[in-house]
Amino acid sequence: MIMSWNITNKCNMYCDHCYRDAGEKNNGELTTEEGKSLIREISKAGFKIMIFSGGEPLVREDIFELIAYANELNLRPVIGTNGTLITKEVASKLKECGLKAVGISLDSLNGNKHDKFRRYKNAWRDALYGMKNCRDIGLPFQIHTTVMDWNKDEVTNIIDFTVAMGGVAHYPFFLVPTGRGENIADESLNKEEYEELLKIIMSKKKEVNIEIKPTCAPQFVRIAKELGVETRFSKGCLAGTSYCIISPKGDVQPCAYLNKVAGNVREVPFSDIWKNSEIFNELRTLNYGGSCGNCKYKNSCGGCRARAAYYSDGNYMAGDSICKYSNNEENVKIQ
C-alpha cells in the first residue's frame with residue numbers, strides 16, 4: 001500500500017497544473033512531532049511505501065529527519081520533487097538518511113516549454129542537474145511527466161531520455177483538472193488521444209528496460225493486457241483502496257486529485273480513518289455508476305475516480321467519461 005504526504009504547501013515554483021495550489025506555506029502545517037506520529041500511524045495501518053511530496057518537500061527543514069524516521073519504521077521512503085534543489089550535498093544527505101528513490105518532474109525536452117509551464121527560470125536545467133546528482137551517488141531516480149495536448153507527442157522521447165539519463169522509471173501523469181489545473185482543463189487529452197497515447201506508451205514498454213506506469217490513467221492495465229505487455233501493476237485506480245494522500249494540515253483524501261476529505265489526523269488517528277472512513281469504504285465497494293459499473297475491466301481498472309468526480313459534479317463513484325472503451329456498448333458485459 002502507498003501513502004503520499006504533502007508535507008508542505010510551500011514551493012519555489014508556481015506550476016500551471018498544481019493540484020495543491022502550492023506556493024506559500026500554509027498556517028498550521030503538521031509539525032515535526034505530528035509528522036512522526038503520523039508516520040507511526042501509517043506503519044500501523046500496514047502501508048509499505050511512504051511518499052514525501054508537497055509543494056516542494058525539499059524546502060522543509062526537517063525533511064531529512066522525517067525520511068530517516070520513516071526508514072527506521074521499515075517503510076520505503078521516496079520523494080516527489082521538481083528536482084531543482086537537489087545539489088550534490090542534498091543528494092548525499094537524502095541517500096544517507098535512507099531515501100530509496102526520487103521522482104523528478106520533467107514535462108518537456110524543450111527547456112523553454114518546461115520553464116514556462118513551471119513558471120520558474122532554469123527549472124529544466126536545474127532538474128537535469130538534480131537527476132545527474134542522484135545518478136552520480138547511486139540514488140535511484142525516475143522522471144514524472146504531466147501529459148497534456150501540447151506535450152503528448154514528446155512522451156516516448158522522454159522515456160528514451162529517462163533511459164539515457166540512467167533513470168529507473170518513467171511515470172506519465174495524465175492531467176486531472178484540480179487546483180490550478182482547472183485553469184488549463186482545455187489542455188487535457190480527448191478520448192481518442194488518451195486511448196491512442198496509452199497504447200503507444202504501453203507498446204514502448206516492450207522496447208525499454210525501465211518501469212513505465214501511466215498515472216491517473218487506470219485504463220493502462222486493460223491496454224497492457226490487450227497488447228500482451230508485461231507489467232507488475234494489476235490495478236489501475238488505487239484511490240481509497242491501497243492509496244491515499246494527506247495534506248499539509250492533516251486532511252486525508254483518497255488521492256491528490258480527489259478533493260474529498262475522509263478525516264483529519266489531528267482529530268482522529270490515521271489508522272482509524274483508513275479503516276473506518278465512509279468515503280474509503282464506499283470506494284472499496286467498487287459499486288461504480290455509469291459505464292465503469294458495467295465494464296468487464298471494473299475490478300482491474302476501476303476508472304479514474306478523481307476524473308469521474310470532476311466531470312460528474314463531485315460524484316466519485318460515477319463513470320470515467322474519458323474512457324473510450326467503457327463507453328462502447330459492446331464492452332459493458334462483466335466477464
Side-chain angles (χ1 to χ4, degrees), residues 2-13 15 18 20 22 25 32 35-36 39 48-109 111 114-115 117-146 158-173 208-213 215 248:
I2 306 171
M3 157 62 60
S4 180
W5 175 24
N6 294 148
I7 65 173
T8 183
N9 202 65
K10 187 176 181 181
C11 189
N12 58 332
M13 294 187 181
C15 306
C18 183
R20 190 57 71 190
K25 179 180 178 180
T32 302
K36 288 184 175 181
I39 292 170
K48 303 300 181 185
I49 299 175
M50 177 79 198
I51 303 172
F52 293 90
S53 184
E56 171 48 55
L58 291 176
V59 303
R60 184 158 165 159
E61 294 181 358
D62 59 358
I63 181 62
F64 304 105
E65 181 179 355
L66 292 168
I67 291 170
Y69 191 69
N71 190 52
E72 288 174 15
L73 295 184
N74 295 316
L75 291 166
R76 177 178 169 81
V78 298
I79 195 169
T81 170
N82 59 48
T84 61
L85 303 179
I86 306 179
T87 62
K88 292 180 180 179
E89 179 184 8
V90 168
S92 294
K93 289 178 70 174
L94 288 171
K95 186 176 182 180
E96 288 168 6
C97 69
L99 191 75
K100 305 305 182 188
V102 181
I104 298 177
S105 299
L106 192 77
D107 304 301
S108 176
L109 296 180
H114 179 82
D115 290 2
F117 182 61
R118 296 277 162 178
R119 297 182 181 272
Y120 189 83
K121 185 178 180 181
N122 294 325
W124 187 87
R125 181 200 68 184
D126 292 346
L128 265 59
Y129 277 126
M131 295 175 200
K132 180 181 183 300
N133 291 333
C134 290
R135 181 190 66 199
D136 288 351
I137 64 161
L139 179 59
F141 74 91
Q142 61 192 49
I143 290 180
H144 297 167
T145 301
T146 300
I158 296 175
I159 292 172
D160 288 334
F161 180 79
T162 304
V163 174
M165 284 293 292
V168 298
H170 180 251
Y171 280 31
F173 283 70
V208 295
N209 191 30
I210 62 169
E211 182 173 279
I212 298 176
K213 183 185 181 294
T215 304

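None of the values given here were measured: they were computed from a predicted structure.
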According to ring-ring contact (aromatic ring centres under 6.0 Å, His included), who are the partners of Phe173, at least two apart in sequence or on a separate chain? His144
Report yes if some heavy atom in the side chain of Asp62 is under 4.5 Å from a heavy atom in the side chain of Tyr69; otherwise report no. no
My understanding is that only residues two or more places apart in sequence, or in another chain, count here; which of them pass side chain to side chain contact (heavy atoms under 4.5 Å, CB included) with Glu89? Thr87, Lys93
Could you list the residues that satisfy ring-ring contact (aromatic ring centres under 6.0 Å, His included) with Phe117, not counting sequence neighbours? His17, Trp150
Identify, with sequence neighbours excluded, every residue that meets side chain to side chain donor-acceptor pair (under 3.5 Å) alongside Asn71. Lys100
Does a donor on one side chain and an acceptor on the other come within less than 3.5 Å for Thr8 and Glu56? no
Residue pair Met13 / Thr84, side-chain heavy-atom distance below 4.5 Å: yes
Looking only at atom types and distance, does a side-chain atom of Thr145 sit under 3.5 Å from a main-chain N or O of Leu106, one as donor and one as acceptor? yes
For Lys48, what residues pass the side chain to side chain contact (heavy atoms under 4.5 Å, CB included) criterion, not counting sequence neighbours? none
A side-chain contact here means heavy atoms from C-beta on lying under 4.5 Å apart; do Lys25 and Val59 qualify? no
Which residues share a side chain to side chain donor-acceptor pair (under 3.5 Å) with Ser92, sequence neighbours left out: none
Residue pair Gly98 / Pro77: nearest heavy atoms and the distance that separates them: O-CG, 3.4 Å
Whether Lys95 side chain and Ile137 backbone form a donor-acceptor pair below 3.5 Å: yes
For atom OH of Tyr129, is the number of surrounding heavy atoms from other residues, nucleotides or ligands below 6.0 Å larger than 12? no
Take Lys88 and Asp136 through the test salt bridge (Lys or Arg N to Asp or Glu O under 4.0 Å) and record every step on the way to the result. CA-CA 9 Å; Lys88 292 180 180 179; Asp136 288 351; 5.9 Å; no
Taking side chain as C-beta onward, heavy atoms only, is Arg20 less than 4.5 Å from Cys11? no
Kindly indicate whether the side chain of Leu66, heavy atoms from C-beta on, has any atom under 4.5 Å from the side chain of Pro57. no
Under 6.0 Å from the NZ atom of Lys36, do we count more than 12 heavy atoms belonging to anything else shown? yes
Quick one, Phe141 with Asn133, criterion side chain to side chain contact (heavy atoms under 4.5 Å, CB included). Give me CA distance, side-chain angles, the key distance, then yes/no. CA-CA 10 Å; Phe141 74 91; Asn133 291 333; over 6 Å; no
Taking C-beta and beyond as the side chain, do Arg118 and Trp124 meet within less than 4.5 Å on heavy atoms? no
Does Lys213 NZ have over 12 foreign heavy atoms under 6.0 Å away? yes
Does any N or O in the side chain of His170 come within less than 3.5 Å of the main-chain N or O of Ile212, such that one atom is a donor and the other an acceptor? no
Counting only N and O atoms by type, is there a donor-acceptor contact under 3.5 Å from the side chain of Asp115 to the main-chain atoms of Ala123? yes
